[in-house]
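Not measured: the values here are computed from a predicted model. Numbers restart at 1 for each chain; the letters A, B, ... are given by sequence-line order, proteins then strands.
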2 protein chains.
Amino acid sequence: MQDSHTSETTQKSIEATIVSGILSAKIRPGTRLGENQLAALFGVSRTRVREAMMRLESRGIVHVSPRRGWFVVEPSAEDAIAVYEARRIVEAGLLRSMRTLTEEGSKALDAHLTEERNAMAAGDRQRLTYLMGDFHIRIAELSGNAIIVDILRDLTARTILISMLYQSEFHAAQSHEGHCRIFEAMQAGDFVRAAELSVEHLDDVEMGLDLTARPDPLSDLCNSLSLPPRTASPPLSP
Amino acid sequence: MQDSHTSETTQKSIEATIVSGILSAKIRPGTRLGENQLAALFGVSRTRVREAMMRLESRGIVHVSPRRGWFVVEPSAEDAIAVYEARRIVEAGLLRSMRTLTEEGSKALDAHLTEERNAMAAGDRQRLTYLMGDFHIRIAELSGNAIIVDILRDLTARTILISMLYQSEFHAAQSHEGHCRIFEAMQAGDFVRAAELSVEHLDDVEMGLDLTARPDPLSDLCNSLSLPPRTASPPLSP
DNA sequence: TGTGGCTATCTTGCATACAAGACAGAAAGC
DNA sequence: GCTTTCTGTCTTGTATGCAAGATAGCCACA
């Protein structure tokens, strides 16, 4: 699910690969997604790449600058606020709609929180970013409602892009603590409390952002100079 | 916004036209959307039609049957349940997140409810279907959150498709009454109550569906025989 | 009369070709 | 040295061509 070019290039693998790359913080906001590069990477023609880009655009993941190229979105401060507001609405509504936490669900969340702890102990920041977002998707999966899962996956992807732009430092321990408290409320069957905690948790994370910072203080520069982004792994190299 | 081929064929007009057609119940579920037909209708090449179809597919509005064609989705009974559940989650979360109802918002909703009454008096069922769905979108617009508006628009489109498949008769008066009660709660500033009423309203509508009915008892037949659907206006004729 | 298979036609899937615009870098002028 | 302009290159935008598959209708045949 996370390597680029499998032998069988299925219909939506380009789309899924890019979203997966964002969710695991391997693709930065503003990353250029050239049709030719992607076509070569996946061994297909530009046509199919464009179709994937169109779908991703309708999901709010990429945007096109006419005759310049496709870019992973760089959410503005207003966008960031809207995304967090949307997440509060959907996640609180979701938790409030829940009635029971199944045994499997409890185990799944427990295992997830253990993974979070392991990643924290290992200092694996990229994996941690992925897990912190995935927790909320896991909760959506408990509901069994694929529509909500899709919505939250896309919102989480945008959240990760936002955090890469505006989050000066990563309070992983605090987020993990928030997740644990939400889980405890769910285990206690108090889904109203879980919803409230979830809203507070999202408020906390949003408050930790520096939304006064320009979205692209020097990532623009990097792109202009055709330099790779300032992280360990280059965006889409095989 | 509702006629097919304007002189300026903008980037997303195909997409918007089809969604608009569904929202106003002019396009039935299962309607075949031939690439060639749409291309001719909009005066563009199949390429752009395909791009619009791709975006609509990612929004859950159409689906493709390989080498057979594009079709407006015919939600299954399970899909219908998931859509209503998702709407309850999002709309209840939305209303609970609201704090005030502005003067403009109150006027907009009031005007909308008047339109509903007018359409009921005129017996304009198609317009009524549109308005009944649009009420919920209007509420989303009050929040000023474009993400939530988009989500609810797509869910509403699917809701209308569901009602065309499973709703034996249309209790417009009952729905209108529900909308009025939600509006009253909002005017009173009681958004928790408004959220509860919204959930009940959606429950009522869902209960009015006959989900045991097969999704396509004879619309399949109509398509197979290349007959127009059994409504007044043919799906996409100019 | 019913049934099986064949073919003609129509559909989408996918690649490619060409056009138009944006950008970078060089060259020219001041 | 600085600015301006021009041109080559690279990008996406769009149409078109061809191939593969699905379907319908016809024909042969039992």
Next item on the list: Starting from P on dC14(C), measure out to NZ on K12(A) and report it in whole angstrom.
Entry: 11 Å
Next item on the list: Compare the minimum distances between each of dA15(C), dT16(D), dC18(C) and the side chain of R46(A), then state the nucleotide with the smallest one.
Entry: dC18(C)
Note to self: Rounding to an integer number of Å, can you tell me how far E51(B) CD sits from dG13(D) P?
What the structure shows: 8 Å
Check: Nearest of dT14(D), dT11(D), dT16(C) to any side-chain atom of T47(A)?
Finding: dT16(C)
Note to self: Between C1' on dA15(D) and CD on E35(B), what's the gap in Å once rounded to a whole number?
What the structure shows: 13 Å
Margin query: For Y130(B), I'd like to know if atom OH has over 12 heavy atoms of other residues, nucleotides or ligands within 6.0 Å.
Written below: no
Margin query: Whole angstroms only, please: what is the NE2-P distance between H63(B) and dG13(C)?
Written below: 12 Å
Notebook entry, point to check: Which listed nucleotide (dT12(D), dT12(C), dT16(C)) is nearest to the side chain of R50(A)?
Noted result: dT12(D)
Item checked: Closest-nucleotide ordering on DNA chain C, the 5'-leading residue of R67(A) and W70(B) -> W70(B)
Note to self: Tell me whether the side-chain N or O atoms of R68(B) pair up with the base of dA22(D) as donor and acceptor below 3.5 Å, since no angle test is needed here.
What the structure shows: no
Next item on the list: Decide, yes or no, whether a salt bridge links D134(A) with R138(A) under the criterion of side-chain N to carboxylate O below 4.0 Å.
Entry: yes
Item checked: Rounded interatomic separation in angstrom, taking CG from L38(B) and P from dA15(D) -> 14 Å
Checklist line | Atom-pair distance (CZ on R32(B); P on dT23(D)), nearest Å | finding: 11 Å
Check: Under 6.0 Å between ring centres, would you say that holds for H136(A) and H112(A)?
Finding: no
Next item on the list: Find the distance Q37(A):CD to dT11(D):P and express it as a whole number of Å.
Entry: 7 Å
Next item on the list: Measure the distance from CZ on F42(B) to P on dT14(D) and round it to the nearest whole Å.
Entry: 15 Å
Margin query: Testing the 3.5 Å rule here: is there a donor-acceptor pair between the side chains of D210(A) and T212(A)?
Written below: yes
Note to self: dA15(D), OP1 or OP2 - any side-chain N/O from S45(B) closer than 4.0 Å?
What the structure shows: yes
Next item on the list: Quick one: pull up CZ in R32(A) and OG in S65(A) and give me the separation to the nearest 0.5 Å.
Entry: 9.5 Å
